[in-house]
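For ligands, and for the atoms within them, numbers begin at 1 and follow the listed sequence.
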Amino acid sequence: MTALYITVGAIVGAWVLAYYEAGSRLWTIFFAALLGAILTASGAGTLVMGIAFAIFAVPALIMNVKSIRAKVVTAPVFKGFKAVLPPMTSTEREALEAGDTWWDAEMFRGKPEWTKLLDDHKAAEYTAEEQSFMDNEVNELCAMLDDWKISFEDKDLPEEVWNFMREKRFFSMLISKEWGGLGFSAYAQSAVVTKLATRSLAGAVTVMVPNSLGPGELLMHYGTDEQKKHWLPGLADGTHIPCFALTGPEAGSDAGAIPDVGIVCEQEFEGKKTLGLKLTFSKRYITLAPVATCVGLAFKLYDPEGLLGDENKSDYGITCALLPADHPGVEIGNRHFPAAFMNGTVRGEDVFIPVDWIIGGVEKAGGGWRMLVECLSAGRGISLPALSAASSKVAYRMTGAYSRLRRQFKTPIGMFEGVQEANGRIAGYTYKLEAMRALTASAVDVCSPSVVTAIAKYHMTEMMRTVTTDAVDVHGGRAVQQGPRNYLATGYQGIPIAITVEGANILTRNLMIFGQGAIRCHPYVFPEMEAARDDNLSEFDNLFWGHIGYSANRAVRALTYGLTGAAFVSSPTNGPMAKYYKQLTRMSCALAFTSDVTMGVLGGELKRMENLSARLADVLSELYMASAVLKYYYDNGETAEDLPHAEWNLQLSLFNIQTAFEEFIDNFPNPVVARILKTLVLPLGRSYKQPSDKLRNKIAAMMMEPTALRDRLTKEAYFGTSEDDVTGRMECAYNSLLAIEPVYNKFLKAVGKGKATGLTITEQLASAVANGIITQIEADGIAAFDKQRFDALATDEFTKEYIATSGKVANEAKIEQIS
Ligand SMILES: Cc1cc2nc3c(=O)[nH]c(=O)nc-3n(C[C@H](O)[C@H](O)[C@H](O)COP(=O)(O)OP(=O)(O)OC[C@H]3O[C@@H](n4cnc5c(N)ncnc54)[C@H](O)[C@@H]3O)c2cc1C
């Protein structure tokens with residue numbers, strides 16, 4: 001019996017110490033007490049006790065005196081760690097060091113302090129100036145954008161649009177006021193791009209590019225004073241149109257492998273012998289290149305003769321320079337045609353530029369990779385999330401209206417469960433996309449969070465793909481037939497662009513998110529690597545033992561939370577979200593533990609095992625996305641309309657996390673470790689279910705209603721108000737339907753029951769009036785609405801000549817309603 005008590009006491013004691021991450025002193029006291037209990041229970045005499053404690057004192061002393069522990073215990077571990085530490089190129093190291101960690105680190109480390117997210121991180125807001133810009137200049141620009149004309153007829157923006165963009169400084173939202181730019185927050189930049197993208201992909205991309213990774217941003221962050229003075233005013237007022245050229249035919253995703261070179265040399269330039277570079281490069285896919293007046297260029301810098309001052313250094317690595325597009329030798333080449341925005345090639349051979357044209361000057365020679373990664377971290381959190389949110393806003397509002405207006409089998413199609421499946425996803429994802437847009441852009445306003453922006457880029461563009469495809473499916477032929485009435489087609493065609501750029505999606509999920517997250521977010525791994533590289537045993541000793549305590553803590557917590565269903569985990573709120581906070585904390589802890597085990601067992605191999613890395617990336621991503629939903633719900637008043645949308649997303653995230661863990665564990669190469677992981681992460685098996693059909697159908701049905709949430713979710717979107725506008729005609733018909741629906745339904749019911757007869761609607765209305773079912777005024781209202789309805793649901797028709805000439809010959813085709 002005593003043995004049982006001691007065993008139970010030992011387990012409980014160790015559990016409690018690990019749960020509260022006790023330090024070495026408390027553990028020593030615990031082991032001493034355990035030893036004492038065992039000796040007493042076994043009836044050991046004073047001598048035996050004395051010897052046992054004397055022996056115990058040796059490891060106790062070693063473990064509690066740091067200098068001894070480091071030499072005796074940690075040193076061999078340190079040696080082994082250094083031996084297995086994979087070599088890291090300076091490029092890889094710079095990429096890892098670039099950017100900041102943020103809420104991702106809280107979720108990765110398994111003990112999220114939710115109040116940091118809910119209260120410390122303020123809800124994103126626009127300044128009065130930003131709001132005014134959105135309400136005036138952006139609306140004015142949106143009204144000027146005729147996407148069909150741009151994409152099919154002109155394949156370019158009209159001259160007056162280019163001029164308006166320049167004049168109103170759309171190209172310089174990120175350039176500070178000091179240099180003539182608008183100096184907007186990331187959140188406001190994201191809103192501007194979002195609104196434009198609800199109108200025209202080409203318009204949005206044209207504004208987006210100068211405001212993301214490119215000359216403006218690089219100069220703002222790294223430019224010399226001379227460079228800023230020279231370039232920024234022109235970039236701010238649109239005199240200069242920039243592009244940035246990194247990608248080439250041989251290096252896309254593996255951008256660090258660009259073959260483009262700059263060789264340091266001296267040459268005559270503007271009548272003077274000048275230290276400079278001879279550049280040879282071939283770039284493709286470069287947005288705005290065909291109209292650019294200046295080209296930011298990434299290349300590898302070599303200084304074989306040591307002209308930059310360091311004779312021992314020849315290979316400087318990736319460097320960025322800014323060149324006028326009309327500089328001798330720069331060849332702005334042909335145009336690619338991914339869509340109607342400008343995109344093309346830039347080439348040059350032995351193009352001489354002075355060394356001062358390196359962005360940041362000679363000091364930044366070789367600093368290009370870090371610049372790019374840092375700026376990409378920020379940009380990736382603004383542009384593509386904005387495009388994704390925009391697509392969902394259009395899908396939400398237009399599909400909701402369409403589903404109510406379009407009737408088949410005598411029923412609005414939105415009432416069919418099959419359609420509700422698609423509409424439910426549109427509604428749920430639109431909610432999540434807006435939540436992520438707001439959170440991620442507002443994070444970029446406070447730091448350069450590289451992991452969350454990679455998560456946002458990947459998942460938001462993937463959700464855009466789903467939402468847009470769902471919207472197209474629900475619209476049927478109305479979305480397929482291209483033309484000025486179609487508000488979905490160019491967004492649909494644009495999906496692969498968003499998937500490919502700023503870190504192609506497969507690469508981002510499989511390699512970037514967890515790879516970068518694990519090293520950056522983990523509290524010990526990167527500092528341990530740094531300590532190993534600096535050969536700092538003392539620092540490594542602190543980190544290593546902290547790491548052991550951290551791992552034990554996360555293991556015990558994961559199991560405790562799993563066994564208790566996280567019932568005793570604290571939540572920052574008491575409302576309906578409390579259970580989700582608890583479960584997310586549980587899964588966050590499970591991720592922390594799983595990551596540690598994985599890195600310990602697989603080490604550098606994990607980089608090669610992309611499928612495993614992708615599953616853990618999914619867990620981290622879902623934790624971030626669920627956090628965004630919770631934050632959005634919290635910041636927006638926790639309304640009854642928000643609730644089902646938040647719940648649908650949170651349930652889905654928990655379910656997806658569970659699936660990712662299961663697939664990860666099932667495919668883990670070491671079956672013993674896999675068993676341990678399963679026991680600790682999902683000790684009672686599956687805990688989470690997919691959101692129910694009922695919940696999904698509820699949010700699908702809400703999408704057809706004129707709710708306050710609908711207006712809030714589509715606030716940063718532009719919809720026309722007139723009946724001859726691409727989205728306006730759907731808005732007008734929908735609003736008319738809302739006003740007339742009760743009487744319209746009464747009329748349709750009478751037709752169905754044979755109480756209002758006739759072959760055409762005109763005859764049926766007359767019959768309904770004659771039979772006293774509706775009044776003449778109501779009949780007139782229905783007749784007027786029916787014309788609007790027909791027009792809103794109609795697709796475009798073109799003459800053959802119009803199509804053959806890409807719109808050079810005016811389209812004479814007419815759309816007629818039989819009445
Ligand atoms: C419309 C458009 C505009 C662009 N604008 C610019 C611009 O302004 N400036 C600029 O410099 N570049 C620009 N790009 C280039 C863009 O950044 C690249 O297309 C992108 O980096 C991918 O390169 P790639 O197309 O050569 O694909 P590849 O690198 O050939 O990749 C092909 C596929 O392999 C996957 N893949 C590659 N490596 C891995 C890996 N290790 N693990 C898993 N999957 C992997 C990728 O995810 C992708 O799915 C633009 C591209 C497009 C299409």
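Using a 30° and 60° split on the angle between ring planes, H522 and F108 fall in the perpendicular class, above 60°. Classification of the F171-W162 ring pair by plane angle, with boundaries at 30° and 60°, yields tilted.
Taking distance alone, with nitrogen or oxygen atoms compared against 3.5 Å, T287 approaches ligand 1 more closely than that limit. Remark: ligand 1 and L246 share an N or O pair separated by less than 3.5 Å (distance only, no angle test).
Of the heavy atoms in T508, none comes closer than 4.0 Å to ligand 1. At a 4.0 Å heavy-atom cut-off, ligand 1 touches T500 through backbone and side chain alike.
Each of the atoms 1 (C) of ligand 1 lies under 4.0 Å from some heavy atom of I497. Against a heavy-atom cut-off of under 4.0 Å, I286 is close to the following atoms of ligand 1: 7 (C), 8 (O), 9 (N), 10 (C), 11 (O). The distance from ligand 1 to the heavy atoms of E610 drops below 4.0 Å at these ligand atoms: 40 (C), 41 (N), 42 (N), 43 (C). The ligand atoms of ligand 1 that sit less than 4.0 angstrom from a heavy atom of V501 are 2 (C), 3 (C), 4 (C), 50 (C), 51 (C), 52 (C). Taking every heavy atom of L511 and a limit of under 4.0 angstrom, the matching atoms of ligand 1 come to 41 (N). Of all atoms in ligand 1, numbered sequentially from 1 with element shown, those under 4.0 Å from a heavy atom of A504 are 46 (C), 47 (O), 48 (C).
Protein heavy atom at the shortest distance from atom 12 (N) of ligand 1 is T247 OG1, 2.7 Å. Given atom 49 (O) of ligand 1, the protein heavy atom at minimum distance is I506 CD1, 3.7 Å. Of the protein's heavy atoms, L507 CB, 3.9 Å lies nearest to atom 45 (C) of ligand 1.
Nearest-heavy-atom check against atom 5 (N) of ligand 1 across F341, F244, Y285 picks out Y285. With atom 28 (P) of ligand 1 as the reference point, the heavy atom nearest to it among S253, G252, A292 is part of S253.
With salt bridges taken as basic N to acidic carboxylate O contacts below 4.0 Å, none links D350 and K278. In summary, R509 and E462 do not engage in a salt bridge, as defined by a charged side-chain N under 4.0 Å from a carboxylate O. Taking 4.0 Å as the cut-off between side-chain N and carboxylate O, R615 and E663 count as a salt-bridged pair. Taking a cutoff of 4.0 Å between a charged side-chain nitrogen and a carboxylate oxygen, R199 and D147 do not qualify as a salt bridge.
One finds the CD1 atom of I332 at 5.5 Å from the SG atom of C243 (value rounded to the nearest 0.5 Å).
In plain terms, the two heavy atoms of A236 and G181 that are nearest each other are CB-N, 3.7 Å.
When distances from atom 26 (O) of ligand 1 to the protein are checked, a heavy atom turns up under 4.0 Å. Using a 4.0 Å threshold on non-hydrogen atoms, atom 1 (C) of ligand 1 counts as touching the protein. Using a 4.0 Å threshold on non-hydrogen atoms, atom 47 (O) of ligand 1 counts as touching the protein. In this structure, atom 39 (C) of ligand 1 has a protein heavy-atom contact shorter than 4.0 Å.
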Report task. Could you please spell out the steps behind the side chain to side chain contact (heavy atoms under 4.5 Å, CB included) verdict for W102 and M107? Result -> CA-CA 9 Å; W102 185 64; M107 293 317 276; over 6 Å; no
Query raised in the report: Could you walk me through whether Q189 and N211 pass the side chain to side chain donor-acceptor pair (under 3.5 Å) check?
Result: CA-CA 8 Å; Q189 290 176 45; N211 284 296; 5.8 Å; no
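Note that K155 lies in the cation-pi zone of F152, set by a 6.0 Å cut-off to the ring centre and a 45° limit from the axis.
For an aromatic pair to be called close, the ring centres must be under 6.0 Å apart, and W357 with H327 satisfies this.
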